[in-house]
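Only one structure is covered here, and it is reproduced in the block below.
Numbers restart at 1 for each chain; the letters A, B, ... are given by sequence-line order, proteins then strands. Keep in mind that the numbers below use all heavy atoms, side chains included, and drop hydrogens, waters and symmetry copies. These figures come from a predicted structure and were not determined experimentally.
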Number of protein chains: 2
Amino acid sequence: MRIGELAARTDVSVRSLRYYEEQGLLTSSRSAGGQRHYTEAEVERVRFIQRLYAAGLSSRTISELLPCVDTPSEGNYDAALERMAQERNRLSEHIDELVRTRAALDGLMATARAHRESEARAQGVRHGSGDGASAPRVLES
Amino acid sequence: MRIGELAARTDVSVRSLRYYEEQGLLTSSRSAGGQRHYTEAEVERVRFIQRLYAAGLSSRTISELLPCVDTPSEGNYDAALERMAQERNRLSEHIDELVRTRAALDGLMATARAHRESEARAQGVRHGSGDGASAPRVLES
DNA sequence: CTAAAACCTGACATGGATGTCAGGGGCAAG
DNA sequence: CTTGCCCCTGACATCCATGTCAGGTTTTAG
């Protein structure tokens with residue numbers, strides 16, 4: 001398939017696909033006229049690349065990882081494994097942090113709801129300035 | 001405390017703290033000479049801001065959320081709640097994606113280990129070209 | 001054959017958080 | 001007062017994935 005179709009099927013812009021190739025993350029065969037051609041396999045590969053990007057890996061890191069996927073050969077196992085383990089850790093930490101943030105957000109929402117309801121209970125209150133209470137303490141880790 | 005101390009205690013650069021203020025995420029009182037002064041409360045606030053950044057919220061989004069934390073008043077609850085719910089979803093999706101990516105990484109590592117061992121078993125093999133097997137299929141979602 | 005659609009390369013633009021530098025004050029200790 | 005350290009503003013730099021535009025070629029449909 002040509003680049004446009006790959007782009008459509010992966011929801012990644014044509015621009016980005018060319019960029020991936022520039023960064024050595026993706027390869028293509030070329031037609032006589034110089035146009036890029038891809039096989040089905042590239043669809044998954046692009047999705048995988050996107051996933052790694054979403055995980056916060058830089059294209060340089062990705063390009064260090066992919067050779068191991070491409071051409072498993074003795075040389076790159078150890079280095080790649082270490083690299084992957086390292087990124088796995090980073091990723092886990094990041095996930096934990098996001099989970100904590102989500103919890104904080106939940107706390108914030110709960111507090112907001114509670115405040116809204118207490119305000120609703122005290123009907124006919126003075127408008128516009130709330131109750132003057134200090135900010136809800138939802139910021140702790 | 002002055003900005004340098006806040007920076008040290010939150011592990012956020014002085015530059016960034018000023019930037020937060022510029023974006024309306026943080027306020028400070030000023031000394032006669034114009035220097036920023038902060039209270040203890042700001043330490044937690046900065047940490048919270050960092051957390052939201054880490055969760056992928058933009059400073060604009062954060063600044064839409066924080067007023068609710070600061071001055072809970074009728075007007076901003078509904079909007080802020082909706083906003084928070086929305087960001088919570090984004091966050092959850094993001095987390096799921098990262099978890100999937102981590103799983104994919106685990107698969108990759110397992111495959112790499114397996115290959116290394118199978119190569120170790122077949123001792124004295126020709127060096128440098130692996131076994132010519134096609135790339136491990138670890139890319140599925 | 002021709003026109004439209006898709007592709008090519010190369011270059012410059014963007015956004016967002018942050019780094020960094022310049023030139024000038026504030027403030028405490030000696 | 002002076003020295004040293006921290007602070008101020010403003011501006012420009014950087015990184016990185018993408019967007020976008022220009023000018024030209026290839027492919028495909030009619």
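Rounding to whole angstrom units, CD of residue A:Glu22 and P of C:dG10 are separated by 9 Å. Atom P of nucleotide D:dA17 and atom CG of A:Leu17 are separated by 14 Å, given to the nearest angstrom. With rounding to whole Å, B:Leu57 atom CG is found 10 Å from C:dA17 atom P. Rounding to whole angstrom units, CD of residue A:Glu5 and C1' of C:dA6 are separated by 12 Å. For B:Ile3 and C:dG26, the CD1 to C1' distance is 14 Å, given to the nearest whole Å. When rounded to the nearest whole Å, the span between CD of A:Glu21 and P of D:dA17 equals 16 Å. In this structure, OH of A:Tyr19 is placed 12 Å from P of D:dG19, rounded to the nearest angstrom. Per the geometry, CD belonging to B:Gln23 stands 10 Å off P belonging to C:dT18, to the nearest Å.
Remark: A:Tyr38 pairs with no residue by the ring-ring contact (aromatic ring centres under 6.0 Å, His included) rule, at least two apart or across chains. Applying the salt bridge (charged side-chain N to carboxylate O under 4.0 Å, His left out) rule to B:Arg2 yields no partners; only residues at least two apart in sequence or on another chain are considered. Partners of A:Arg113 according to the salt bridge (charged side-chain N to carboxylate O under 4.0 Å, His left out) rule, which considers only residues two or more places apart in sequence or in another chain, do not exist here. Among residues two or more places apart in sequence or in another chain, the salt bridge (charged side-chain N to carboxylate O under 4.0 Å, His left out) test is passed with A:Glu42 by none.
Remark: A:Tyr53 is not in phosphate contact with D:dT18, judged by side-chain N or O atoms under 4.0 Å from OP1 or OP2. In this model, the phosphate group of C:dT9 is approached by a side-chain N or O of A:Arg30 to a distance below 4.0 Å at OP1 or OP2. Phosphate proximity of D:dT18 to A:Ser16: present, with a side-chain N or O under 4.0 Å from OP1 or OP2. Considering only side-chain N and O atoms, A:Arg36 lies nowhere under 4.0 angstrom from the phosphate OP1 or OP2 of C:dC7.
Under a 4.0 Å N-O distance rule, the pair B:Arg47/B:Glu44 qualifies as a salt bridge.
Between B:Tyr20 and B:Tyr53, the ring centre distance stays below 6.0 Å.
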- Base versus backbone protein contacts along nucleotides 20-30 of chain D [heavy-atom cut-off under 4.0 Å; B, S, -]: B-----SSS--

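Nearest nucleotide to the side chain of B:Ser58, out of C:dG19, C:dA17, C:dT18: C:dA17. For A:Arg18, taking side-chain heavy atoms from C-beta onward, the closest of the listed nucleotides C:dT9, C:dG19, D:dC7 is C:dT9.
At the heavy-atom level, B:Gln50 lies under 4.0 Å from the strands shown only through sugar-phosphate atoms.
Counting only residues at least two apart or on different chains, the salt bridge (charged side-chain N to carboxylate O under 4.0 Å, His left out) pairs with a member in residues 29-38 of chain B are B:Glu21-B:Arg30, B:Glu21-B:Arg36.
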